[in-house]
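As C-alpha cells, the structure follows; a few thoughts come after it.
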Amino acid sequence: MIQKAIQEINRGCAEIIDEQRIEKLLKSYYEEGKTYTVKAGFDPTAPDLHLGHTVLLQKLATFQKYGARVQFLIGNFTATIGDPTGKSATRKVLTDEDIVKNITSYTTQAFKILDESKTDIVYNKEWLEALGAAGMLQLASNLTVARMLERDDFSKRYASNTPIAVSEFMYPLLQGYDSVHLQSDVEIGGTDQKFNLLMGRQLQKAYGLKKQQAVLMMPILEGLDGVQKMSKSLGNYIGVTDEPNDMFGKVLSISDDLMWRYYELLSTKSLEEIADMKEGVANGTLHPKKVKEELAFEITERFHNAELAQKAKEEFDKVHAKSQIPTDIDEFETEGEVWIAKALVDCNIEPSTSQARRDIKQGGVKINQEKVTDEKMQLSSGEYLLQVGKRKFAKLKVH
RNA sequence: GGUGGGAUAGUCAAGUGGCCAACGACGGCAGACUGUAAAUCUGCUCCCUAUGGGUUCAGAGGUUCGACUCCUCUUCCCACCA
C-alpha cells in the first residue's frame, strides 16, 4: 500500500527533496492513522485556472487520497510584492474586495479536484502582517546576499543588468516563513519555485522546528503548442472554465507526442493503463486519435460532466471529421439589405470589413455552404447561414 | 544628483528626410492537405463599400514643398557614475 502511494506521488514529478520524509509520513499514516500537512501556495491575482495549474492541484488531491490535509495557502500578503519569477510586471494593488472575489472563484474551481473536507484555506496576511518590522529584520538575517544571488532568476537578472527590487529578495523569505508558521510537512510547487521551496526547509530549521518539510516539484505543463509553458498570456491554454466543446477540441489539437505528457500529468488513469495504450499505439493496434479522444473526454468530464463531454465529442466529430454545421449557432437579425462584409462584422465572426474582404478573396467565406466569390455581394431579405473558415458560424435573418 | 541610451503595428525588431501603412521574425487568420483545431506548404495580416480615401511610428509643438527619420519641450523606461 505504501509502495503504491509512493509510486502515485512520484508520478510526473520533476524532483523530490527528502523523499524519506514522505515515506515516513505515509508510514505513520498507514500504521497509526496520523495525518500530515501538505502546503501549496496560490496567488490571489489570477483567478482563472488553466490545466497548468491543475497539475499541482491533482498532486494535492493524490496526497489527500493518502492521508494528507492540504494547506491551501492564499498569498494575499506576498501578492503585494510580486514573485521574482513574474518577471518585471508591476503588480496592481488589489483591493480586499477583489481578493475575496478572486479567491472565491479560485476555490470553487479548485474544489473540482480537491477534497474540500481535507483542505484548510489559510491566508498568509494573517501572520505575515503580525511579523512587523522587527520580525521582518530577524527573518532577513537568515539569509546572505550571496546566497540569495545563487538563485537562478536573480543571478541571471543580475548578470544581464535587469533590475531587482530589494523587496523581491523578501519574497522567498516570506514564503519560507509561511512553512515555519504552518509547520508544513510537505510543500509542493512548480520547478520554478525550487529556491522558494528550499527556503522553507532552511527557515524551518533556523526557527527550531524538529523536522523540515519535504519538497516536491512538479514540472511546468507545456501549452497547446507543446513548446512554451501553458499560460493565459500566451493563449496556449485550456481553461478550467472553458466550454465543453472548446475544451474537448483543444485537447484534440495537441500533438501526439504531447498527448502522453498530458496523460502523465493530467489523467487519473493508472500508470499501467497508460503504458498499455502507449504500446498499443506503438505497435499499431490502437489509433492515436482514439487515445487522444479518451483524454479529451476525461478532462472535459472532470470540469463539466460525462453528458456534456459526450456531447462535445459528438459535436466535434460532426463539425470537424464530417465537416458539418455545429448545433449551436449564434443568431442575428437586421433590417434591410446588407453588404456581406458588413454582415460578417455585425455577426462577430470577422473583426473588420477589411479582414472580411480578404477572407472572401481567399475563398474563406461561405453562405449556406456555398463559397462567396463576390466581395460586393448584398444580402436581401431572407435567412442566411454565414461561415468564415471552418470554425466560425452565424445565422443571420434579414428583414 | 550627474552622464549617456531608448520608446515603431498583438509581441520582438528593422527603418536615420521623399521609393513607408513601414523589412524581417513570431503570433494570428484563411486556403490546400490530414485521424485532428497537429505537422507541412501557400496567401493574408491598421481602418474605411476601396484600382481610391483616412489615421499611424510615446505625447505636444516646430523646421521643411515633404518627417518614423531633424529641432524643442513633456512623459515613461534603461545603463553607467555618485
Side-chain angles (χ1 to χ4, degrees), chain A residues 51 87-90 157-165 222-239 242-263 277 280-281 284-297 299-300 312-326 334 336-367 370-380 386-393:
Chain A
L51 290 190
K87 286 160 205 159
S88 55
T90 349
R157 281 167 65 183
Y158 192 68
S160 68
N161 291 327
T162 315
I164 302 169
E222 292 85 353
L224 299 174
D225 51 38
V227 182
Q228 286 182 283
K229 68 168 187 175
M230 185 176 282
S231 86
K232 201 174 175 188
S233 50
L234 292 173
N236 60 354
Y237 70 105
I238 301 178
D242 278 0
E243 293 297 311
N245 288 347
D246 277 345
M247 201 177 257
F248 193 90
K250 279 182 184 175
V251 176
L252 271 197
S253 80
I254 63 174
S255 72
D256 291 356
D257 280 343
L258 189 60
M259 158 173 92
W260 297 116
R261 178 94 172 135
Y262 276 34
Y263 256 115
M277 284 193 290
V281 170
T285 53
L286 200 55
H287 199 295
K289 189 185 179 199
K290 197 116 191 117
V291 181
K292 208 182 288 175
E293 272 176 350
E294 245 178 87
L295 177 67
F297 188 92
I299 290 174
T300 312
K313 180 174 156 25
E314 282 160 16
E315 186 76 7
F316 188 88
D317 282 344
K318 194 171 157 190
V319 179
H320 301 287
K322 298 178 191 142
S323 58
Q324 291 174 348
I325 316 150
T334 183
E337 220 175 47
V338 241
W339 175 42
I340 174 72
K342 187 89 173 39
L344 293 167
V345 175
D346 289 344
C347 295
N348 297 329
I349 51 179
E350 284 285 23
S352 69
T353 56
S354 298
Q355 180 66 40
R357 285 163 154 258
R358 272 179 229 123
D359 285 336
I360 292 170
K361 258 183 225 157
Q362 295 184 120
V365 174
K366 288 181 187 167
I367 292 181
E370 303 257 338
K371 218 171 249 182
V372 176
T373 46
D374 177 15
E375 63 181 56
K376 291 206 163 94
M377 184 176 185
Q378 297 286 334
L379 300 178
S380 45
L386 308 175
Q387 179 181 1
V388 177
K390 289 173 193 142
R391 296 157 54 192
K392 285 173 284 189
F393 292 86

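All values derive from a computational prediction rather than experimental measurement. Residue numbers begin at 1 in each chain, while the letters A, B, ... track the order of the sequences.
- In this structure the side chain of A:V338 never reaches within 4.5 angstrom of the side chain of A:Q378, judged on heavy atoms.
- Picking from B:rU45, B:rA37, B:rC29 the nucleotide with the shortest atom distance to the side chain of A:R358 gives B:rU45.
- If you measure from atom CG of A:D346 to atom P of B:rC48, you get 11 Å, rounded to the nearest angstrom.
- Residue order along RNA chain B, read from the 5' end via each residue's closest nucleotide, puts A:S255 first among A:S255 and A:T353.
- Residues A:K371 and A:R391 each lie close to RNA chain B; by heavy-atom proximity, the contact nearer the 5' end of the strand is made by A:K371.
- Which of B:rA30, B:rC47, B:rG35 sits closest to the side chain of A:V388 comes down to B:rA30.
- Residue-environment remark: NZ (A:K392) exceeds the threshold of 12 foreign heavy atoms within 6.0 Å.
- Picking from B:rA50, B:rG35, B:rU49 the nucleotide with the shortest atom distance to the side chain of A:Q378 gives B:rU49.
- Between B:rA38 and A:S253, no contact under 4.0 Å exists linking OP1 or OP2 to a side-chain N or O.
- Base pairing of B:rA38 is not made with any nucleotide, judged by Watson-Crick or G-U wobble geometry with both donor-acceptor distances under 3.5 Å.
- Taking only side-chain atoms of A:R357, from C-beta outward, the nucleotide of B:rG43, B:rG35, B:rA50 with the closest atom is B:rA50.
- For the pair A:K361 NZ and B:rU45 P, the interatomic distance rounds to 9 Å; values are reported in whole Å.
- Here the nucleotide nearest the side chain of A:K390, chosen from B:rC48, B:rG35, B:rA37, is B:rA37.
- Rounded to whole Å, atom C1' of B:rG35 lies 15 Å from atom CD of A:E294.
- Relative to the side chain of A:Q362, the nucleotides B:rG43, B:rG35, B:rA37 differ in distance, and B:rG43 lies closest.
- Both distances falling under 3.5 Å, in either a Watson-Crick or a G-U wobble arrangement, occur for no nucleotide opposite B:rG17.
- When both pairing distances are held under 3.5 Å, B:rG1 makes a Watson-Crick or G-U pair with B:rC81.
- Listed here is the closest heavy atom pair of A:L379 and A:A343: CD1-CB, 4.1 Å.
- For A:K290, the NZ atom counts as loosely surrounded, since its 6.0 Å shell holds 12 or fewer non-hydrogen atoms of other residues, nucleotides or ligands.
- Nearest nucleotide to the A:F316 side chain, out of B:rG35, B:rC47, B:rU36: B:rU36.
- Among B:rU36, B:rA50, B:rU49, the nucleotide with an atom closest to any side-chain atom of A:W339 is B:rU49.
- The CG-C1' distance, from A:L379 to B:rU49, rounds to 13 Å in whole Å.
- When both pairing distances are held under 3.5 Å, B:rG28 makes a Watson-Crick or G-U pair with B:rC44.
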